[in-house]
2 protein chains.
Amino acid sequence: MYLTQKSIYAIQALIYIALHDHGKFVPTREISKRLDIPFSFLTKILQVLSKQQILETYRGPTGGVRLLKRPTQISIEQIILSIDGDRLFTQCILRLPDCGNSKPCPLHDLFAPIRENLRDMLSHTMLSLLVKLVRENQAKLTSISNVNDLLRLKQ
Amino acid sequence: MYLTQKSIYAIQALIYIALHDHGKFVPTREISKRLDIPFSFLTKILQVLSKQQILETYRGPTGGVRLLKRPTQISIEQIILSIDGDRLFTQCILRLPDCGNSKPCPLHDLFAPIRENLRDMLSHTMLSLLVKLVRENQAKLTSISNVNDLLRLKQ
DNA sequence: AATAATCAAGACAAAAGACTCCGAAATCCA
DNA sequence: TGGATTTCGGAGTCTTTTGTCTTGATTATT
């Protein structure tokens with residue numbers, strides 16, 4: 001509804017990567033299994049995040065993906081912008097192509113502030129906060145697993 | 001993004017119908033042409049609004065659709081609920097099936113108030129307000145036409 | 001050098017959303 | 001009564017999003 005599945009997977013994967021960021025590369029297969037994200041779909045998403053300089057990839061054994069920035073420097077807005085573009089933050093709710101302050105749709109004046117709130121919230125929310133909530137078990141990353149499942153070593 | 005195309009068409013069509021509500025039925029074909037909405041698609045949408053008791057239909061020459069309620073009694077939330085259901089107002093931004101106050105996703109606490117704002121805004125915004133804005137030419141219903149095009153008699 | 005583990009990339013398939021078509025039923029009017 | 005105009009309802013098509021499969025390139029380990 002609000003986000004595409006791609007953006008959702010991207011946010012979940014980045015939280016997982018940040019949770020396991022000890023300098024080593026995290027394999028995509030591991031992320032895929034733990035978060036139940038289709039592997040080949042996930043690789044494409046991580047490739048985009050790699051081109052956006054949010055993470056780097058490394059091939060071969062011991063390979064995988066690794067953050068290029070600290071979680072305190074990655075906003076959720078930035079992740080969404082990398083994957084979905086700015087549609088969520090700019091598009092008219094009635095999808096009029098030229099809706100704006102000069103040619104508003106009938107809902108523009110009421111909707112624009114809400115859209116702005118959403119953007120502000122997401123631009124001020126850093127990956128580090130979400131990681132903290134998950135690590136402290138105050139939030140869940142998937143419907144099934146808790147943080148202990150996610151942090152446990154490979155089985 | 002936020003709304004499905006169906007809901008958008010429903011809102012536009014209801015504004016158009018309210019603009020032309022002089023007791024007569026407005027033919028679907030006319031709405032379709034004036035608002036550039038695919039005719040056969042629009043008929044299905046109007047059928048749903050008819051089952052929801054928002055409008056009534058009438059067949060044959062001089063037939064069409066007509067509001068069953070006054071525009072002051074039809075909220076935009078109600079239109080969206082009729083067509084899309086309550087996904088926009090209830091679904092988790094990360095689409096976790098059981099996200100809520102007890103099992104929140106990492107964005108729940110920040111996102112839920114924004115989703116509530118949107119719902120409040122749409123539940124307090126009545127069709128009559130949007131009609132007023134369009135009639136007074138303070139807002140546009142489509143990217144091309146202004147209110148004079150919409151109010152002009154059949155050409 | 002051989003093997004295994006990993007990402008890269010393109011073609012393909014399935015699902016969902018958006019839209020079309022067609023025959024039938026209702027209604028008006030000549 | 002017959003033809004024109006409209007909605008009704010079901011099936012089907014098209015497009016976008018989501019997900020799969022296969023082959024190839026890179027790299028660590030033995």
Side-chain angles (χ1 to χ4, degrees), chain A residues 1-13 17 20 23-52 54-68 80 83-85 87-88 91 94-95 154, chain B residues 1-13 17 20 24-68 80 83-85 87-88 91 94-95 154:
Chain A
M1 215 70 178
Y2 297 88
L3 302 181
T4 62
Q5 194 63 62
K6 280 187 186 179
S7 277
I8 294 171
Y9 287 157
I11 293 168
Q12 291 178 310
I17 296 164
H20 293 77
K24 288 184 183 173
F25 290 92
V26 181
T28 305
R29 184 118 254 152
E30 178 186 333
I31 306 171
S32 161
K33 282 182 182 166
R34 294 303 185 86
L35 299 184
D36 199 31
I37 300 173
F39 173 74
S40 296
F41 199 40
L42 179 58
T43 60
K44 316 242 189 249
I45 295 166
L46 296 180
Q47 280 173 39
V48 174
L49 296 177
S50 163
K51 279 174 190 141
Q52 298 284 330
I54 293 174
L55 49 78
E56 63 178 332
T57 62
Y58 194 80
R59 293 203 244 192
T62 76
V65 300
R66 184 167 65 178
L67 294 183
L68 270 181
I80 295 169
I83 303 289
D84 284 345
R87 281 187 305 169
L88 185 70
Q91 198 177 55
L94 296 184
R95 298 192 205 167
K154 280 182 193 174
Chain B
M1 215 67 181
Y2 296 89
L3 303 181
T4 62
Q5 192 65 62
K6 280 187 186 176
S7 277
I8 294 172
Y9 287 156
I11 294 168
Q12 291 178 311
I17 295 163
H20 294 77
K24 289 185 182 173
F25 290 91
V26 182
T28 306
R29 183 120 258 149
E30 178 188 332
I31 308 171
S32 160
K33 282 182 183 165
R34 294 303 184 87
L35 299 184
D36 199 31
I37 300 174
F39 173 74
S40 296
F41 199 39
L42 180 58
T43 60
K44 314 275 186 208
I45 295 166
L46 296 181
Q47 280 173 37
V48 174
L49 296 177
S50 164
K51 280 175 189 140
Q52 298 285 328
Q53 303 291 313
I54 293 174
L55 48 80
E56 62 178 333
T57 61
Y58 195 79
R59 295 201 242 194
T62 76
V65 298
R66 184 167 66 177
L67 294 183
L68 269 183
I80 295 169
I83 303 290
D84 284 346
R87 280 188 306 170
L88 185 69
Q91 197 178 54
L94 296 185
R95 299 193 204 165
K154 281 183 192 174

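Note on naming: letters A, B, ... go to the chains in the order of the sequence lines (proteins, then strands), and numbering restarts at 1 for each one. Side-chain atoms are counted along with the backbone in the values below, which use heavy atoms only and exclude waters and symmetry mates.
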Gap between atoms [atom1] and [atom2], on [X] and [N] respectively (whole Å):
X	N	atom1	atom2	answer
B/I37	C/dT20	CD1	P	12 Å
B/I31	D/dT5	CD1	P	18 Å
A/F25	C/dT6	CZ	P	13 Å
A/M1	C/dA16	CE	P	15 Å
B/L42	C/dA18	CG	P	14 Å
B/D84	C/dA16	CG	C1'	13 Å

**Message:** Heavy atoms within less than 4.0 Å of DNA chain C: which residues of residues 47-63 of chain B have one? Give them sorted by number.
**Reply:**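 When residues 47-63 of chain B is checked for heavy atoms under 4.0 Å from DNA chain C, the hits, listed by number, are B/Y58, B/R59, B/G60, B/P61, B/T62.
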**Fill in**
Scoring nucleotides 10-23 of chain D by protein non-hydrogen atoms under 4.0 Å (B base, S sugar-phosphate only, - none) yields B-------SBBB--
**Request:** Give the minimum heavy-atom separation between A/Q12 and A/L35, together with the two atoms involved.
**Result:**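 Closest approach of A/Q12 to A/L35: O-CD1, 3.4 Å.
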**Request:** Identify the two heavy atoms, one from B/M1 and one from A/R95, that lie closest to each other, and give their separation to 0.1 Å.
**Result:**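 Residues B/M1 and A/R95, closest heavy atoms: N-NH2, 3.4 Å.
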**Message:** Would you say that B/Y2 contacts B/S7 through its side chain, given a criterion of any heavy-atom pair below 4.5 Å between the two side chains?
**Reply:**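 Of all side-chain heavy-atom pairs linking B/S7 with B/Y2, none is under 4.5 Å.
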**Asked** Any side-chain N or O of B/T28 under 4.0 Å from OP1/OP2 of D/dT7?
**Response**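 Looking at the OP1 and OP2 atoms of D/dT7, one of them is under 4.0 Å from a side-chain N or O of B/T28.
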**Message:** Nearest 0.5 Å, please: how far is CD1 in A/I11 from CD1 in A/I83?
**Reply:**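 That separation rounds to 9.0 Å.
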**Request:** Hey, could you give me the CD1/CD distance between A/I37 and A/Q5, rounded to the nearest 0.5 Å?
**Result:**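 Reported value, rounded in 0.5 Å steps: 8.5 Å.
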Side-chain ([X]) to main-chain ([Y]) donor-acceptor, under 3.5 angstrom:
X	Y	answer
A/T43	A/S40	yes
B/T57	B/G64	no
A/R66	A/K24	no

